[in-house]
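Protein chains get the first letters and strands the later ones, always in sequence-line order, with residue 1 at the start of each.
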2 protein chains.
Amino acid sequence: MGRSGTGITKGQVVGVAMELADAEGMPAVSMRALANRLQVTPMALYSRIADKEELLDEMLEALLNEIELPDPALHWAERLRLLAHNARAVGHRHPAVFPLLLQRPAITPAAHRPTEVILDALTAAGLDDGQVLRHEHLLSTWLLGFVCSEVSGRFGIGRSPVGHRLAALSKADFPQHKRLRAGLLRRDWDTEFAASIAALLNEIGAAATR
Amino acid sequence: MGRSGTGITKGQVVGVAMELADAEGMPAVSMRALANRLQVTPMALYSRIADKEELLDEMLEALLNEIELPDPALHWAERLRLLAHNARAVGHRHPAVFPLLLQRPAITPAAHRPTEVILDALTAAGLDDGQVLRHEHLLSTWLLGFVCSEVSGRFGIGRSPVGHRLAALSKADFPQHKRLRAGLLRRDWDTEFAASIAALLNEIGAAATR
DNA sequence: ACCTGAACACCGTTCAAGT
DNA sequence: ACCTGAACACCGTTCAAGT
């Protein structure tokens with residue numbers, strides 16, 4: 001089942017795919033490039049992996065397994081805060097791979113493990129079942145959206161810096177952008193991330209006593 | 001500038017690209033397929049559009065311009081609710097194109113118009129400048145994450161229905177998934193979307209009086 | 001000025017042939 | 001059983017040639 005002498009394992013294929021994605025981005029992750037790195041014919045990969053779809057699923061799985069889960073003995077709010085920070089750290093480590101989380105359904109146990117942590121913490125917070133489900137959803141969606149935005153350019157400068165972009169907006173149509181210019185120019189995503197978690201934890205606390 | 005007799009316009013290229021994306025998904029949107037639909041050589045496109053990157057940017061622009069903005073005379077909470085619903089509607093209309101919003105920076109005025117609405121509504125809600133910026137960010141990130149999740153499969157059944165997936169989880173490691181099984185099986189995204197907006201509007205209201 | 005055809009350097013994947 | 005080479009049906013893009 002894999003490591004027969006000269007043979008290449010599925011794990012190696014996925015490992016090289018992750019390295020390649022980290023180093024050169026998702027477009028560089030081709031079956032042919034992978035084979036090249038592994039000193040093998042492209043077709044040799046197809047004995048370990050059915051097709052490119054399965055490769056992407058395996059990369060997602062590897063990513064999910066890298067998310068460190070918080071100690072269950074901690075306070076529920078602290079567990080949520082830690083989980084969010086750990087997921088974000090994995091996103092920063094694998095910026096090209098992380099967005100796959102929002103692009104394809106993850107159906108393995110690895111995908112459900114962080115969700116279980118959130119469900120458990122929200123239950124401990126005192127929410128009823130309906131609220132637990134809704135807030136799990138709110139929290140994980142925000143988390144994925146935030147990290148994807150960070151790593152894939154939405155918050156980035158793109159082809160023009162923020163200052164330049166703001167200057168291109170007319171004062172008549174964008175008064176708020178003009179008014180908040182200073183704030184828009186000096187954003188700090190670490191602080192913003194922490195503040196958003198705090199806001200969401202507040203809302204959870206409020207919902208628990210409603 | 002474009003429509004010289006037999007000539008094809010940039011707008012037509014982008015329009016066909018949107019149709020193709022809606023009908024067959026993003027992978028079907030190739031320069032060659034586009035040229036085919038327009039009864040033209042692939043290279044003829046390069047006089048209207050610099051390269052594929054610009055094509056994707058133009059598709060994003062078209063998508064953003066389809067988001068209907070709410071009447072500024074409405075109450076701030078109602079404006080935010082409407083904007084969120086309108087953006088989601090556009091996502092449902094163009095499920096393959098919408099995720100581009102989380103994959104590339106949008107730097108044109110069209111991209112800033114919904115943001116301006118949010119900034120204005122949050123200011124009207126009584127938040128101070130720092131809170132306006134943070135909550136704009138929280139709200140738009142959640143919104144993009146939610147709609148992307150819906151249209152690109154994260155909430156979907158993927159290759160196995162939810163019930164089947166839940167059955168694969170061990171009771172020992174996933175007690176909350178087991179406990180909340182009934183709730184997980186009958187989720188309704190319309191309701192969930194509305195409930196999450198309500199929760200976020202609550203948090204905004206609370207922050208305003210803090 | 002605009003469009004074309006041929007070409008280059010890539011893709012994922014199939015299939016028959018070799019060891 | 002495993003790997004290979006050749007091939008098929010695609011990509012985005014360049015460039016010289018035609019009108």
Side-chain angles (χ1 to χ4, degrees), chain A residues 1-61 96-97 99-100 103-104 152-153 159, chain B residues 1-61 96-97 99-100 103-104 152-153 159:
Chain A
M1 197 251 213
R3 45 152 182 67
S4 56
T6 165
I8 260 115
T9 66
K10 186 168 177 170
Q12 277 171 50
V13 176
V14 177
V16 171
M18 294 293 283
E19 283 172 34
L20 202 49
D22 292 345
E24 304 177 37
M26 247 3 238
V29 181
S30 71
M31 298 299 275
R32 290 172 117 108
L34 245 45
N36 234 317
R37 286 233 176 176
L38 290 161
Q39 310 257 45
V40 107
T41 265
M43 281 318 297
L45 301 177
Y46 286 84
S47 54
R48 327 293 166 170
I49 246 162
D51 54 15
K52 190 156 186 188
E53 290 290 291
E54 194 190 316
L55 176 68
L56 296 177
D57 283 338
E58 292 291 337
M59 291 174 76
L60 204 45
E61 188 81 1
V97 186
L100 290 182
Q103 285 163 32
R104 49 201 307 116
S152 67
R159 278 171 299 296
Chain B
M1 198 249 210
R3 44 152 182 70
S4 56
T6 166
I8 260 117
T9 65
K10 186 168 177 171
Q12 276 171 51
V13 176
V14 177
V16 171
M18 295 292 284
E19 284 173 33
L20 202 50
D22 291 345
E24 303 177 37
M26 251 358 243
V29 181
S30 71
M31 298 299 274
R32 291 172 117 108
L34 245 45
N36 235 316
R37 287 233 176 177
L38 289 161
Q39 310 257 48
V40 106
T41 266
M43 279 320 297
L45 301 178
Y46 286 84
S47 52
R48 328 292 166 171
I49 245 161
D51 53 15
K52 191 156 186 189
E53 289 290 292
E54 193 190 316
L55 175 68
L56 296 177
D57 283 339
E58 291 293 337
M59 292 175 74
L60 204 43
E61 188 81 0
V97 186
L100 290 182
Q103 285 163 33
R104 48 199 309 116
S152 67
R159 279 170 299 298

### Query
Within less than 4.0 Å of OP1 or OP2 of C/dC10, is there a side-chain N or O belonging to A/Ser30?
no

### Summary
With A/Leu34 as partner, the option from A/Val14, A/Leu45, A/Val40 fulfilling side chain to side chain contact (heavy atoms under 4.5 Å, CB included) is A/Leu45

## Note on the structure
note: B/Leu34, atom CG; D/dC10, atom C1'; distance rounded to Å ~ 16 Å

### Query
Is there a side-chain polar atom (N or O) of A/Tyr46 under 4.0 Å from OP1 or OP2 of C/dT14?
no

### Nearest-angstrom distance from the residue atom CG of A/Leu45 to C1' of D/dT4
13 Å

### Query
Quick one: is C/dG5 close enough that its OP1 or OP2 comes under 4.0 Å of any side-chain N or O from B/Thr41?
yes

### Query
CD of A/Glu53 versus P of C/dG12: gap in Å, rounded?
12 Å

#### Entry: Minimal non-hydrogen separation, B/Ile8 against B/Leu38, with atom names
CD1-O, 3.7 Å

### Query
Below 4.0 angstrom, N of the basic side chain to O of the carboxylate: do B/Arg37 and B/Glu24 qualify?
yes

### Query
CD1 of B/Ile49 versus P of C/dC3: gap in Å, rounded?
14 Å

## Note on the structure
B/Asn36 CG to D/dG12 P, in whole Å, measures 12 Å

### Message
Closer than 3.5 angstrom, by distance alone: can the side chain of A/Asp57 be matched with the main-chain N or O of A/Leu60 as a donor-acceptor pair?
### Response
no

### Query
At under 4.0 Å between heavy atoms, what does A/Met43 touch on the DNA or RNA strands: base, sugar-phosphate, or nothing?
base

### Summary
When rounded to whole Å, the CD to P distance for the pair B/Glu24 and D/dC10 reads 12 Å

### Message
Rounded to whole Å, please give me the gap between CG in A/Leu38 and P in D/dT4.
### Response
11 Å

### Query
Can you tell me how far P of D/dA9 sits from CE of A/Met31, to the nearest Å?
20 Å

### Message
Give me the atom names and distance for the closest heavy-atom approach of A/Ser30 to A/Lys52.
### Response
CA-NZ, 4.2 Å

### Task
Indicate whether OP1 or OP2 belonging to D/dC3 is found under 4.0 Å from a side-chain N or O atom of A/Ser47.
yes

### Summary
Assert: residue with more 5' nearest nucleotide on DNA chain D, out of A/Arg32 and A/Gln39, is A/Gln39

### Message
Counting only Watson-Crick pairs (N1-N3 plus N6-O4 or O6-N4) and G-U wobbles (N1-O2, O6-N3), all under 3.5 Å, who is the partner of C/dT13?
### Response
D/dA7

## Note on the structure
Across every strand shown, the nucleotide meeting Watson-Crick or G-U wobble geometry with C/dT19 (both distances under 3.5 Å) is D/dA1

